[in-house]
Amino acid sequence: MELVNETSTPIKQTNFIQDIIDEDMRTNRFDRPVHTRFPPEPNGYLHIGHAKAICVNFGTAAANGGLCNLRFDDTNPTKEDEEYVEAIMEDIRWLGFDWEDRLYFASDYFEQLYQYAVELIKRGKAYVCDLTPEQIKEYRGTLTEPGRESPYRNRSVEENLDLFQRMRNGEFPDGSRVLRARIDMASPNMNMRDPVLYRIMRATHHRTGDKWCIYPMYDYAHPLSDAIEGITHSLCSLEFEDHRPLYNWILEALEIPYPPKQIEFARLNLNYTIASKRKLRRLIDQGILAGWDDPRLVTLRGLRRRGYTPESIVEFCRLVGVSKTNSVHDLAMLEHCVREDLNKRAQRVMAVLRPLKVTIETYPEDLVEEFEIENNPEDPAAGGRKVPFSRVVYIEQDDFMENPPKKFHRLAPGREIRLKGAYYITCREVIKDPVTGEVTELICTHDPASRGGYTSDGRRVLGTSHWVSAAHAIPAEVRLYDKLFTVPDPDRDGDPGAYLNPESMVVLQNCLVEPSLAAAAVGDRFQFLRQGYFCLDPDTTKEKLVFNRIVSLKDTWSKIQKSGG
RNA sequence: UGGGGAGUAGUGAAAUGGCAUCACCGCAGACUUUGGAUCUGCUUUUCCAGGUUCGAAUCCUGGCUCCCCAGCCA
């Protein structure tokens, strides 16, 4: 019998889009099942905001037994590139979505789109306009004043047909003429003031090469691309709300049967981040960011390299919901999602980020014991592993305090704590650098009766520390990532560079990790006990492991410290 | 000041005339061989003013605030 994977079972979410779909299905608005599309322009890398759009489009289709296409909206060759096509497909697959054989390009429809435009002209609904870009702008009017009609608005069908054909033939220079819809220059909706449908632009298209010198505009190509693919619900973001009358006008003017319906929802915004490609590119160019896959970025590539699981991102998108409210979500919610996911799945290991030497003087010099430690207390099936222990170990510098405050639960002079899975140790002597006064080593004793980390006398210890055996530990570099910006709205005055967090990446070179990590592969994720979740970075070499901190564990102690406790 | 949208807890999301609910965040406690996880509890919400109604987040009227639109970008 086949197991049903709950997470892969589409669950119908109640949101306003689903309500509309339910109503459309009830009234037989369409002659076909629900069909959506995700329509990226191949002009950049996908980010967390796109992930929401992907989840909404693929998710809505799946929840209704329908299909979702991947369509590249490539109608502007000056801004688009094949490089992004591949990258975008890779990112969508990584998120876990599958468009099967339904990969489309708006550019595949250029000929059909052209023929539709000819039809529009024949119906008197489009005309060739010779106004310059500046004049078009002038004639368009303003938000409060109506526009004026172009002097070319009433050309004959024959003349328009001839001119449009010659635009296609390349008889006119770039920008000299456009094809415009003949709608209403006095419309209060600027989009309806005879919008441009086609422009002359000699640019090599990444797919059609130099075949065309006229290219359709988004407002014209999109509704028709939807219609050609049989899309029922064309889901897009809020700023296209006042384009909807134009979307519908195009479909009506061409009498498209069962026309697709555009529905707008709020895009995903995250605090402490920026989405502006231009501003991010500047930070990359300045060398502040390592590239589009910098682990501090919320690009899908950045999140992937950081170590985020695709499942946690999809879950995040599910949790934020779908509505029409302009909103900014908490980064903490995203972090919650990846913690929740990794808590269930990530193997636990011990890693000491800032090592402090501990010599256990009562422990035999040449003895090495191996302790079996559980891999994941959340998942007994994950089993355990052997971790070697010896006379000299390293613990975290933060796990020792010479003069501990009341609530400090770890090692201090004279105190006994547990080394996870090994022994209780008691601090007998503190060795300091005679010059700096810095604590360089602790001399401890151990209780042989506490083997494995507990005693039969029921005695309690204050706390448990993680450790690595000096003789067995592997050196590693650990990159501690944090928020890229120090304020929730880094673009508040247009220059996010002014709010960079100087601690967004702290590189620790002298970390020591337990020997089992020698077998780790790039991309593997672990919980470093008591510290957080970490992912092996591609910068790893034979000589050196490099880990990225995905997210810290929730840390009650640091809160106590901050609050002055 | 034209048009299109949106206002529910700190952040988001439900409630479709009938007890304002959920998640995250925050706070407190229990438990803990991770100061993790888990469990328990708590604080904080319907933009405003009228009206309809036995009853309004929801319907009506008026106002306020915020977002988007004047690319041959998408």
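Naming convention: chains lettered A, B, ... in sequence-line order (proteins, then strands); numbering from 1 in each chain.
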Does the ring center of [X] lie less than 6.0 Å from the ring center of [Y]?
X	Y	result
F528(A)	F547(A)	yes
Y152(A)	Y127(A)	no
Y218(A)	H222(A)	yes

Verify, without hydrogens or angle tests, whether [X] (side chain) and [Y] (backbone) share a donor-acceptor contact under 3.5 angstrom.
X	Y	result
R385(A)	R348(A)	yes
D447(A)	Y424(A)	no
T208(A)	H205(A)	no

What contact category does [X] fall into here, base, sugar-phosphate, or nothing, at under 4.0 angstrom with non-hydrogen atoms?
X	answer
S176(A)	nothing
L331(A)	nothing
R460(A)	sugar-phosphate
R140(A)	sugar-phosphate
M217(A)	sugar-phosphate
V328(A)	sugar-phosphate
L238(A)	nothing

Separation between the [atom1] atoms of [N] and [M], rounded to whole Å:
N	M	atom1	result
rU52(B)	rU43(B)	C1'	36 Å
rC64(B)	rC73(B)	P	37 Å
rU53(B)	rU58(B)	P	16 Å
rA13(B)	rU45(B)	C1'	13 Å
rA70(B)	rU61(B)	C1'	33 Å
rG50(B)	rC42(B)	P	33 Å
rA57(B)	rU21(B)	P	13 Å
rU46(B)	rU16(B)	C1'	15 Å

Problem set entry | Heavy-atom closest contact (E171(A) atom, R202(A) atom, distance) | N-NH2, 4.3 Å

Seminar exercise, completed: Smallest heavy-atom separation, R140(A) atom then M185(A) atom, equals CA-CE, 4.0 Å

Between [options], which one does the side chain of [X] approach most closely?
X	options	answer
L143(A)	rG2(B), rC24(B), rG7(B)	rG2(B)
E41(A)	rC73(B), rU34(B), rC27(B)	rC73(B)
K324(A)	rC69(B), rC73(B), rA6(B)	rA6(B)

For this session: Go along nucleotides 35-47 of chain B 5' to 3' and tag each nucleotide: B for a protein heavy atom under 4.0 Å from its base, S when only backbone or sugar atoms are that close, - otherwise.
Result: BBS----------

Exercise. Does atom CZ of R153(A) have more than 12 heavy-atom neighbours from other groups under 6.0 Å away?
Worked result: yes

Exercise. Is the count of non-hydrogen atoms from other residues, nucleotides or ligands lying under 6.0 Å from R459(A) atom CZ greater than 12?
Worked result: yes

Problem set entry | For RNA chain B, the dot-bracket pattern of Watson-Crick and G-U pairs whose distances stay under 3.5 Å, | for other-strand partners | .((((((..((((....[..)))).(((((.......)))))....(((((..]....))))))))))).....

For this session: May I ask you to verify whether the side chain of D242(A) and the base of rG3(B) hold a donor-acceptor pair under 3.5 Å?
Result: yes

